[in-house]
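Data block below; observations after.
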Amino acid sequence: MAILGIDLGTTNSLACVWKDGKPELVKNSLGELLTPSVVCLDKEGNLAVGAVAKEQLITDPEDTAASFKRWMGTPKTFTLGGRTFTPPELSALVLEKLRRDAEEALGEPVTEAVISVPAYFNDNQRSATKLAAQLAGLKADRIINEPSAAALAYRLVHGEGDACLIIFDFGGGTLDVSVVECFENVIEITAIAGDNRLGGNDVDEAIARYFCAFNELRPGSLNAEQQAILLRQAEQCKCALSWSNLAVMCLPGPDGSSYTLTLTRDLLFRLCEELFERMKRVLARAIRDSGRNIGEIDHVILVGGSSKLAVLPDFIASLFGKPPLILDDPDTIVARGVGVCAGIKERSGEIRDIVMTDVCPFTLGTSVVNDDKDQNPHMSVMIERNSVLPVSRTDRFYTTRDNQEKIRVDILQGEEYYARDNLKLGEVLITVPPEPAGKQWVKTTFTYDINGVLQVEVENPSTARKKTAYVVNPSLHLSEEELEQKLQELAAIRSQLDQSEEEQLLLATAERIFAESTGRLRKETGRLLDLYRAMLAEGGGPALRHRERKWMKSQLEKLEKYREGEVFDLELPDSWEDDGE
Ligand code: AMP
């Protein structure tokens, strides 16, 4: 049975399997490689996941969630269609869709997956990802860092010679920078740095903010729908600058007027300057931590959707003195790497030999006080960030008070000096015999394995008492019963994902164009929508519905073109007969 490699992206997700000695991307039910990581549950209880839901971001933003990957491992919830969802539940719906579509495409059941996450994801975020997989009916004990996956895919193509690479993974919501050493059949990630709040969305927001300032619009004066339209236009113009020198944004104003902005590459470069500064900091940290200097980097490889940002190569070239390497398809390289990883997991003969090492992306430690009066415990480092996995470190901690009966070992993650400023993952409490301060101690061992699972063992030698904790955030770890209940809840709403997805997408696209347009275009779109709804209501055989879909698609393409200023010529269908096509 195939293991599915999944690149669960902030904006889009992809699936890939290892087949005939190479990674092969799996198309979704719409025949596309990218499935938008978007979920919509409307007030009537209709569920949509993927491209259909993405259209509904505009027409029904209150009931649609996107970019929820940014909130994995946090308590944030989303309310859609009057029901509350956690980020793992929303991710589960996306994973479930990928799984079902892959089963359809491969013609066999899929129960196991390898999922990629940003290297900078902390323990909570990784656990949340595993929980999402579990909720989607997938066993996912292997979580791989996205840059490691990219390096794996790169190595498969450019397998020869020693090389020191930087994988610059710039996605919709995250930036991950990894330094990777390749030699013989070894791929070693030697340093990782990142910012999981910096991505293409921030570029869109910077453009949208400038648009408002330029047109003297207060951002607060726009309603949710207008804001969504503005951000979508900002994104479209940003992407258009990859092949065009300028792009125009236009938002309807009061009394038939409109607000506009002409975006050029120069302007985009200026708007990105603040983001470039943040990128520079991340790059500097990764290179410093790897022990290399900038001249020793052979290639900077751009991956992720936002690596197509028109002004990014110039920025990279200005820092490294040479242009970055842009591989064939930066959007799919991580997915292809996860496919390779799935192949390794399946123990496919061809690739079994590749050795991949990874590092722990953050520092792990415990809290200690200097003496009994110290009110501000600080972090005592057990595992330094960027230690190569698997890693295990042991240290001793002593009692600080006379007759102290218990020693508490906090499990902390983060880079801050004071314990309270780091993320607390858990604690181990152990009883010790009451004696003068500093007499009793515990031997504490932190072990972090290749799958990012942390084990903490605490032992008091005088009593031989021992306690072990595996760190999983309690709020993310469900009991069997809770898991069963959640699975049932999700199954109930999932069952609505039916065959007519393509038709739903056409309707949702038309609704979005309706919302985005004014005047004649709006009227024509309305007419088209009514007509197509009527056709669907009438039913008909599969061939007829196929023809209707083709017709509707061509009409929508015309409407989209019209918006770009071309002549509008809306055809009405002639007679519709089921010709058994
Ligand atoms: P990902 O999370 O890797 O799927 O990346 C999605 C991001 O890539 C979104 O923010 C898109 O706006 C961005 N993106 C896609 N194509 C382009 C392009 N041609 N230029 C700039 N950004 C792009």
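In each ligand, atom 1 is the first atom listed, and ligand 1 is the first ligand listed. Just so it is clear, the values below take in all heavy atoms, side chains as well, and ignore hydrogens, waters and symmetry mates.
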Task: Pairs flagged by side-chain hydrogen bond (donor to acceptor under 3.5 Å, both in side chains) wherever residues 49-59 is involved - sequence neighbours left out - done: Glu55-Thr509, Glu55-Arg512

- [ ] Ignoring angles and geometry beyond distance, decide whether Thr11 reaches within less than 3.5 Å of ligand 1 through its nitrogen or oxygen atoms.
- [x] yes

TODO: Give a yes/no on ligand 1: does Ser306 have at least one heavy atom closer than 4.0 angstrom to it?
DONE: yes

Task: Heavy-atom side-chain proximity of Met249 to Ile207 below 4.5 angstrom - done: yes

Task: Salt-bridge criterion met for Glu277 and Lys280 (N-O under 4.0 Å) - done: yes

Task: Asp331 and Lys308, any side-chain heavy atoms less than 4.5 Å apart - done: yes

Task: Side chains of Leu268 and Val203 in contact at under 4.5 Å (non-hydrogen atoms) - done: yes

- [ ] Could you list which atoms of ligand 1 come closer than 4.0 Å to a heavy atom of Lys238?
- [x] 10 (O), 11 (C), 12 (O), 13 (C), 21 (C), 22 (N)

Task: Partner residues of Glu225 under the side chain to side chain contact (heavy atoms under 4.5 Å, CB included) criterion, sequence neighbours left out - done: Asn223, Ile229, Ala515

- [ ] Under 4.0 Å from a heavy atom of Leu309: give me the atoms of ligand 1 that qualify, with their elements.
- [x] 20 (N), 21 (C)

Task: Contacting atoms of ligand 1, where contact means under 4.0 angstrom from a heavy atom of Gly304 - done: 3 (O)

Task: For Ser242, atoms of ligand 1 separated by under 4.0 Å from a heavy atom - done: 18 (C), 19 (N), 20 (N)

TODO: Name the closest protein heavy atom to atom 17 (C) of ligand 1, giving the residue it belongs to and the distance to 0.1 Å.
DONE: Cys239 SG, 3.3 Å

Task: Atoms in ligand 1 flagged as close to Gly172, the criterion being non-hydrogen separation under 4.0 Å - done: 1 (P), 2 (O), 5 (O), 6 (C), 7 (C), 10 (O)

- [ ] Could you list the atoms of ligand 1 found under 4.0 angstrom from a heavy atom of Glu235?
- [x] 9 (C), 11 (C), 12 (O)

Task: For Lys308, the ligand 1 atoms whose distance to one of its heavy atoms is below 4.0 Å - done: 16 (N), 17 (C), 18 (C), 19 (N), 20 (N), 21 (C)

Open item on the list: Counting only heavy atoms not in Gln226 (residues, nucleotides, ligands), do more than 12 fall under 6.0 Å from its CD?
Closed with: yes

Open item on the list: Counting only heavy atoms, tell me which of Ser37, Ala240, Ser307, Gly305 gets closest to atom 15 (C) of ligand 1.
Closed with: Gly305

Task: Any side-chain heavy-atom pair of Asn201 and Arg70 under 4.5 Å - done: yes

Task: Atom indices of ligand 1 within 4.0 angstrom of Asn12 heavy atoms, with elements - done: 4 (O)

